[in-house]
Amino acid sequence: MEKHRGFPSRLPGTDFQFTIRRAAKGGPTKIIRRERFRDRRPPDRRADEGFMAALWAQFGEEPFVRGNLDAARLSWLFGREVVPAEEPFDPQDYDALLRIDVEVARHSFPDVFGGAAQEDDEEDEDW
């Protein structure tokens, strides 16, 4: 199992886990698509946004190996913002390749993809 050095282990100040420490003895947990309903709690939404920000900062548009990324946290984004980068895709493989669907992710998490940075650029043009 590849460990992603420099990737945050959790959302700062919370217990929302982003990575796992060691491989599971029974094999990797399967990544599934979890439905996100509109009435999700704000802390859960912040955890999704924080995880997407960490993925974007670490990998950008490049494909990445699942490795030690938490399957439960990936499952909240899987099938929408995070998609398989190879076919056939094995959802129970630590070496499975994933990638960010940038268009969908920008729509779901606009602040992660430069919503604030664009405002800063506009301010610089006034100078």
Side-chain angles (χ1 to χ4, degrees):
M1 172 179 71
E2 181 175 330
K3 293 195 175 192
H4 298 293
R5 303 287 180 214
F7 198 89
S9 61
R10 62 186 62 249
L11 182 65
T14 72
D15 286 332
F16 288 107
Q17 182 174 319
F18 289 174
T19 61
I20 58 174
R21 293 184 193 180
R22 64 187 72 79
K25 290 181 182 179
T29 301
K30 185 177 182 177
I31 300 172
I32 60 170
R33 179 184 168 128
R34 293 180 184 235
E35 289 302 320
R36 294 191 314 243
F37 297 102
R38 293 183 187 271
D39 63 348
R40 284 186 76 207
R41 298 174 334 142
D44 294 325
R45 291 177 185 212
R46 283 192 299 275
D48 292 343
E49 184 173 23
F51 188 61
M52 176 51 66
L55 288 172
W56 182 247
Q58 183 88 8
F59 307 114
E61 295 186 49
E62 297 298 316
F64 57 92
V65 175
R66 170 188 174 178
N68 69 329
L69 298 176
D70 183 62
R73 186 57 46 202
L74 275 171
S75 291
W76 286 109
L77 305 178
F78 186 71
R80 291 174 295 267
E81 296 86 8
V82 175
V83 294
E86 64 183 353
E87 288 294 331
F89 176 75
D90 183 358
Q92 284 187 285
D93 184 2
Y94 287 125
D95 294 324
L97 285 177
L98 300 165
R99 69 175 179 78
I100 296 172
D101 185 330
V102 179
E103 185 177 323
V104 174
R106 279 185 200 277
H107 183 265
S108 299
F109 303 104
D111 292 342
V112 171
F113 293 90
Q118 289 175 351
E119 292 174 10
D120 292 342
D121 290 344
E122 289 173 8
E123 289 176 13
D124 290 342
E125 290 177 9
D126 291 340
W127 288 95

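Predicted model only: the values in this text are computed from it and were never measured.
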For residues 13-33, pull every pair meeting ring-ring contact (aromatic ring centres under 6.0 Å, His included), keeping only residues two or more places apart or in separate chains.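 Every ring-ring contact (aromatic ring centres under 6.0 Å, His included) pair that includes a residue of residues 13-33, provided the two are not neighbours, is Phe18-Phe51.
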In Å, rounded to the nearest 0.5 Å, how long is the span from [atom1] of [X] to [atom2] of [Y]?
X      : Y      : atom1 : atom2 : answer
Asp70  : Ile31  : CG    : CD1   : 9.5 Å
Ser75  : Glu35  : OG    : CD    : 11.5 Å
Arg46  : Arg41  : CZ    : CZ    : 9.0 Å
Asp101 : His107 : CG    : NE2   : 12.0 Å
Arg33  : Leu74  : CZ    : CG    : 14.0 Å
Gln92  : Ile32  : CD    : CD1   : 11.0 Å

Show, in sequence, the C-alpha distance, side-chain angles and deciding distance for Phe64 and Gln58, and conclude whether the side-chain contact (heavy atoms from CB on, under 4.5 Å) test is met. CA-CA 9 Å; Phe64 57 92; Gln58 183 88 8; over 6 Å; no
In the single-linkage hydrophobic clustering (I, L, V, M, F, W, Y; side-chain heavy atoms under 4.5 Å), do [X] and [Y] co-cluster?
X      : Y      : value
Val102 : Phe59  : yes
Leu69  : Ile20  : no
Phe113 : Val104 : no

Go through the structure and list residues passing ring-ring contact (aromatic ring centres under 6.0 Å, His included) with Phe78, not counting sequence neighbours.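 Only Phe89 meet the ring-ring contact (aromatic ring centres under 6.0 Å, His included) criterion with Phe78.
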Over all atoms of both residues, closest heavy-atom pair of Leu11 and Ala47: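 In terms of heavy atoms, the two residues are closest at CD2-CA, 3.8 Å.
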Nearest heavy-atom pair of Glu86 and Ala96: which atoms, and what distance?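 Residues Glu86 and Ala96, closest heavy atoms: OE2-CA, 3.8 Å.
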Would you mind reporting whether [Y] and [X] have side-chain heavy atoms less than 4.5 Å apart?
X     : Y      : value
Leu55 : Glu81  : no
Glu61 : Ile100 : no
Leu77 : Arg34  : no

Below 3.5 Å, can you tabulate the donor-acceptor pairs from side chains in residues 1-10 to any protein atom, sequence neighbours excluded?
| unit_1 | atom_1 | unit_2 | atom_2 | d |
| --- | --- | --- | --- | --- |
| Lys3 | NZ | Arg21 | O | 2.6 |
| His4 | NE2 | Val65 | O | 2.7 |
| His4 | NE2 | Arg66 | O | 3.4 |

Donor-acceptor contact below 3.5 Å, side chain Arg36 vs main chain Trp76: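 Answer holds: yes.
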Would the distance check show the side chain of Thr19 and the main-chain N or O of Asn68 forming a donor-acceptor pair, the cut-off being under 3.5 Å?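 No, Thr19 side chain to Asn68 backbone: no donor-acceptor pair under 3.5 Å.
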